[in-house]
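Only one structure is covered here, and it is reproduced in the block below.
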Amino acid sequence: MKKKIGVKISGTGSYFPKKVLTNVDLEKIIDTSDEWISTRTGIKERRVSEINEPTSELAFKASVEALKFANISPKQIDMILVATITPDMLFPSTACFLQAKLNIPPAPAFDLSASCSGFIYGISIAKAFIESGLYKKILLVGVDELTKITDWTDRNTCVLFGDGAGAMILSASYEDDNVLSVFLGADGSYSNLLFLPAGGTFSPATIDTVNKRLHTIKMHGKEVFRAAVPKMVFAAEKALEFSGKKLEDVKLFIPHQANMRIIKAVAKKMGISMDKVFVNIHKTGNVSSATTITALDEAIKTNKLKNGDIVELVAFGGGFTWGAAVIRI
Ligand code: ACO
């Protein structure tokens, strides 16, 4: 009988821009306070990319680190997948820009858009391609530069977001099978609660769209909060069920770093104590497609995880989209 192809997680990497924007810095440009932001969100500071530092540049730096960690040359990569909602341009894809920067041979490269759940959607796509036997080494990146689509006059949103990138190499293997399960969902009827109105075909760019700040994120925060918690719990429980593992088998939960109150509410509803929940939102803010992978990378590099540990990633984002994955490190 033909042996099943497994998915090995060969390496991870991450990159955050150098420039730090603290809550105290924000106090100088909008009517807010460190106290309001910290208590409502858990965020203390976030990283901001330079104007000449596009999404593909952060993706490139995270990918170089992941390739080095995995001891894999760019030439061995046979597919590039980039989860992002802030591409360098509407087209070509950021994955194509990344391919050129890494000098990867003409392997297929494409972007996927699932907002903050993007990286988990990406794990699912990579798993399917590897298990089918079509591709052997996939570079998967979660990257966003939300500060470039933020309305810096809107205190309801501008305090929440940051920039960053995380990368993972997934390889075909007959020995390891590290992606135990993935569960995904979406409900487009909520698309009016978290969105970027202009710049696409629905509302192409005009002077008017620029003047009305329609190229920046619009969000109904309370409604997002209300939907995020049950959907994240649902996704996390489904992925756990499909993996055949129990709550107590999971060494670390890595939720989407959107908001400390969402993270705590999800943990409470699932009966997980906060010492099993990884949090780095205080220093990153919400980096959308990059949150789960950058948090996972930090947990690995700071020795919070060791080989063989089971981790659950769970996310929720605009669309709405949601997803969870149970993986073995
Ligand atoms: N500083 C000071 N005051 C503020 C700020 C700010 N940055 N932002 C809003 N306020 C004010 C509001 O104007 C309002 O004042 P008012 O009562 O005089 O009108 C007051 O604070 C309360 O505002 P609410 O919107 O009711 O605040 P809430 O307690 O709901 O917290 C928050 C807002 C943090 C955005 C919350 O709704 C939330 O966490 N939502 C989830 C949104 C989220 O995480 N989005 C990320 C993208 S989606 C994702 O990644 C899952």
Side-chain angles (χ1 to χ4, degrees), residues 21-46 83-86 113-121 142-164 166 184-188 190-196 216-236 254-269 279-282 284-295 313-324:
L21 182 72
T22 66
N23 292 349
V24 176
D25 297 330
L26 281 170
E27 286 176 359
K28 293 174 197 138
I29 58 169
I30 44 158
D31 180 13
T32 191
S33 65
D34 176 37
E35 197 270 334
W36 194 97
I37 304 169
S38 306
T39 52
R40 295 291 207 296
T41 70
I43 301 165
K44 295 296 278 184
E45 60 184 47
R46 68 288 290 145
T84 187
I85 52 165
T86 50
S113 166
S115 302
C116 308
S117 314
F119 191 79
I120 294 174
Y121 271 61
V143 55
D144 268 310
E145 292 191 351
L146 293 180
T147 68
K148 290 197 174 136
I149 54 163
T150 292
D151 179 352
W152 292 100
T153 65
D154 177 11
R155 68 176 181 172
N156 291 292
T157 54
C158 77
V159 301
L160 302 173
F161 304 119
D163 302 338
L184 305 176
D187 187 344
Y190 291 104
S191 55
N192 59 336
L193 296 179
L194 184 55
F195 62 114
L196 191 141
T216 57
I217 299 169
K218 309 296 168 209
M219 181 184 76
H220 298 271
K222 271 197 199 324
E223 286 84 346
V224 173
F225 192 108
R226 233 174 269 139
V229 176
K231 287 299 184 210
M232 285 172 78
V233 171
F234 176 67
I254 303 189
H256 170 48
Q257 309 283 308
N259 178 307
M260 195 58 196
R261 293 201 296 190
I262 295 180
I263 294 172
K264 282 189 172 160
V266 170
K268 191 169 172 210
K269 277 205 177 340
V279 176
N280 65 358
I281 191 172
H282 50 283
T284 64
N286 180 348
V287 287
S288 192
S289 312
T291 62
T292 47
I293 176 60
T294 49
L313 312 177
V314 58
F316 177 88
F320 290 146
T321 62
W322 53 88

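In each ligand, atom 1 is the first atom listed, and ligand 1 is the first ligand listed.
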Close side-chain approach of R155 and D31, heavy atoms under 4.5 Å: yes

Quick check: do I217 and L194 have side-chain heavy atoms less than 4.5 Å from each other? yes

[X] heavy atoms, cut-off 4.0 Å: which ligand 1 atoms fall inside?
{"X": "L194", "result": "47 (C), 48 (S)"}
{"X": "V159", "result": "7 (N)"}
{"X": "N259", "result": "34 (C), 38 (C), 39 (O), 44 (O)"}
{"X": "N286", "result": "46 (C), 47 (C), 49 (C), 50 (O)"}
{"X": "K222", "result": "24 (P), 26 (O), 28 (P), 30 (O), 37 (O)"}
{"X": "A258", "result": "44 (O), 49 (C), 50 (O), 51 (C)"}

For [X], does the [atom1] atom sit with more than 12 other heavy atoms under 6.0 Å from it, leaving out its own atoms?
{"X": "Y190", "atom1": "OH", "value": "no"}
{"X": "K264", "atom1": "NZ", "value": "no"}
{"X": "K218", "atom1": "NZ", "value": "yes"}

With heavy atoms only and a cut-off of under 4.0 Å, state how N156 meets ligand 1: side chain, backbone, both or neither. both

Would you mind telling me if ligand 1 is within reach of the side chain of T32, the backbone, both or neither, using heavy atoms under 4.0 Å? both

For [atom], what's the nearest protein heavy-atom neighbour? Residue, atom name and distance, please.
{"atom": "atom 49 (C) of ligand 1", "answer": "H256 NE2, 3.6 Å"}
{"atom": "atom 31 (O) of ligand 1", "answer": "R261 NH2, 3.6 Å"}
{"atom": "atom 51 (C) of ligand 1", "answer": "F316 O, 3.4 Å"}
{"atom": "atom 33 (C) of ligand 1", "answer": "W36 CH2, 3.9 Å"}
{"atom": "atom 45 (N) of ligand 1", "answer": "M219 SD, 3.1 Å"}

Counting heavy atoms only, which of R40, R155, E223 is nearest atom 3 (N) of ligand 1? R155

Looking at G221, G318, G285, the heavy atom closest to atom 36 (C) of ligand 1 belongs to G221

Is [atom] in close reach of the protein, with a heavy atom under 4.0 Å away?
{"atom": "atom 1 (N) of ligand 1", "value": "yes"}
{"atom": "atom 10 (N) of ligand 1", "value": "yes"}
{"atom": "atom 18 (O) of ligand 1", "value": "no"}
{"atom": "atom 26 (O) of ligand 1", "value": "yes"}
{"atom": "atom 47 (C) of ligand 1", "value": "yes"}

Excluding sequence neighbours, so at least two apart, what forms side-chain hydrogen bond (donor to acceptor under 3.5 Å, both in side chains) with T292? none

Sequence neighbours left out, what passes side-chain hydrogen bond (donor to acceptor under 3.5 Å, both in side chains) with T32? Give chain and number order. none

Could you pull out the closest heavy-atom pair between A228 and I262, with the gap in Å? CB-CD1, 4.0 Å

If you compare all heavy atoms of R261 against all heavy atoms of T39, which two are closest, and at what distance to 0.1 Å? CD-O, 4.1 Å

So, does C116 sit close enough to ligand 1 that a heavy atom of it is under 4.0 Å from the ligand? yes

Do T84 and D144 pair up side chain to side chain, a donor and an acceptor below 3.5 Å, judged on atom types alone? yes

Derivation and outcome, side-chain contact (heavy atoms from CB on, under 4.5 Å), residues H256 and I281: CA-CA 9 Å; H256 170 48; I281 191 172; over 6 Å; no

Just to verify, which of V224, V233, V266 counts as forming a side chain to side chain contact (heavy atoms under 4.5 Å, CB included) with F316? V224

Test side-chain contact (heavy atoms from CB on, under 4.5 Å) on W152 and T147; report intermediate values, then the result. CA-CA 9 Å; W152 292 100; T147 68; 3.7 Å; yes

